[in-house]
Each structure stands twice: as structure tokens, then as C-alpha cells.
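Comments concern the structure below.
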Amino acid sequence: YSLRVLHNVLPASDVRENKDGWGLTPLGLFASVKTIAVRKYFRMPDLPMAHSVASLNNMAGYEDQADCTTRIEQAIASLDAKGSSQKLVLFGFSRGATTMMLTSLKLRPDLAARISLVILEAPFDTF
């Protein structure tokens, strides 16, 4: 019997509020200037320029949960395609922990049956 681990399914590039390029708000401009300073100080010229759009922020909301459910479905479909009956261990940290908790509580029974353990590290409690 072996397990597969699905962890923090919200990598920065997939989070809706993160955008490439310069931020045009005061906070976005600050983040852009900070990125330039970090690039220069740490000699990281390839560090991508990105900023967060506050109006799109979704901290473990319905969109994050839908994305998490999709990733769980994809992981289970991948196992099924290989003929595997393995179960998943779900792990989340901070925002990912809150998202993983809320998502796992709402999984369809067929998906929930493929989960053996949910590990939450430092979930924030603003939901």
C-alpha cells in the first residue's frame, strides 16, 4: 500500500491575483520597485517582475477551492489512468491549508473515498 501526496496546489503562477509586469497602483508600484531592488542587491537579473491585484484577492475563497478541487480531480484521474487504486494525502500550508481544509470538507463522495489523510500546517483563520 503506497500513498501519493498532493500539496499546496496554489503555486504563485496559478493564483489569480498575481500578475506579470509592473503594478500601476501605489502598492503595485512599491512591489515593482522592491523587485528591482531585490534583483540588484541579490544579483538576480532574471527575477520576474510581478505584482498582486488586491481586487482579485481570493484568500481560500470559492475560486481557490474550485482550483483545488480541479487539481484533486486531475491527480485522481492520473492515478486511474495508470490503473492505480492509490489514495492521496492532501497537504496544505497557510493559505493552502485553509483552502485544502475547506475543499476537502466539500469533496464529492467518490473523490473523498480516494483521500487517506489531510494534513494542515498553520492554516490562517480569516475565513
Side-chain angles (χ1 to χ4, degrees):
Y1 182 78
S2 62
L3 299 172
R4 304 276 301 207
V5 176
L6 188 63
H7 61 91
N8 273 7
V9 297
L10 297 169
S13 62
D14 288 357
V15 179
R16 287 180 175 83
E17 66 267 13
N18 289 343
K19 302 294 178 193
D20 292 330
W22 285 84
L24 299 178
T25 64
L27 187 58
L29 286 172
F30 172 77
S32 298
V33 169
K34 180 190 75 148
T35 300
I36 291 169
V38 168
R39 281 178 175 173
K40 189 172 190 78
Y41 184 79
F42 291 105
R43 296 182 180 96
M44 301 171 64
D46 296 331
L47 185 67
M49 183 69 72
H51 65 283
S52 180
V53 179
S55 63
L56 297 176
N57 205 324
N58 179 45
M59 297 301 211
Y62 295 122
E63 291 87 3
D64 282 357
Q65 294 170 49
D67 291 343
C68 186
T69 299
T70 297
R71 298 297 176 102
I72 292 169
E73 290 170 338
Q74 290 170 343
I76 291 172
S78 174
L79 291 172
D80 288 345
K82 296 174 185 172
S84 174
S85 61
Q86 289 178 323
K87 293 191 174 193
L88 293 174
V89 172
L90 305 178
F91 171 78
F93 175 77
S94 189
R95 175 181 177 174
T98 303
T99 301
M100 196 66 77
M101 176 184 65
L102 295 173
T103 301
S104 64
L105 291 171
K106 299 175 187 177
L107 286 175
R108 296 188 323 258
D110 62 311
L111 296 176
R114 297 293 299 273
I115 308 301
S116 62
L117 180 66
V118 179
I119 302 169
L120 308 175
E121 184 176 347
F124 64 81
D125 62 358
T126 58
F127 58 92

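As the structure is a prediction and not an experimental result, all values here were calculated from the model.
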Going from [atom1] on [X] to [atom2] on [Y], what distance comes out if it is rounded to the nearest 0.5 angstrom?
X	Y	atom1	atom2	value
K34	I36	NZ	CD1	11.5 Å
R71	L88	CZ	CG	13.5 Å
E73	D110	CD	CG	8.5 Å
L117	S104	CG	OG	10.5 Å
K87	I115	NZ	CD1	9.0 Å
L79	R114	CG	CZ	5.5 Å

For F91 and E121, the nearest pair of non-hydrogen atoms, with its separation, is CZ-OE1, 3.4 Å
For G92 and A97, the nearest pair of non-hydrogen atoms, with its separation, is O-CB, 3.2 Å
Given the options T69, T98, L90, T103 meets side chain to side chain contact (heavy atoms under 4.5 Å, CB included) only with T69
Are side-chain heavy atoms of V118 and M101 found at a separation under 4.5 Å? no
Q) Do I72 and C68 come close enough that some side-chain heavy atom pair is under 4.5 Å? A) yes
Looking at A66, is its backbone amide N or carbonyl O close enough to the side chain of T70 to form a donor-acceptor pair, meaning the two atoms are under 3.5 Å apart? yes
Discussion item. Side-chain heavy atoms nearer than 4.5 Å, only ILVMFWY residues, links allowed to pass through others: does that put Y41 and F30 together?
Written reply: no
#### Entry: ILVMFWY network linking L105 to L120, side-chain heavy atoms under 4.5 angstrom
yes
For the NZ atom on K40, are there more than 12 heavy atoms of other groups (residues, nucleotides or ligands in this structure) within a distance under 6.0 Å? no
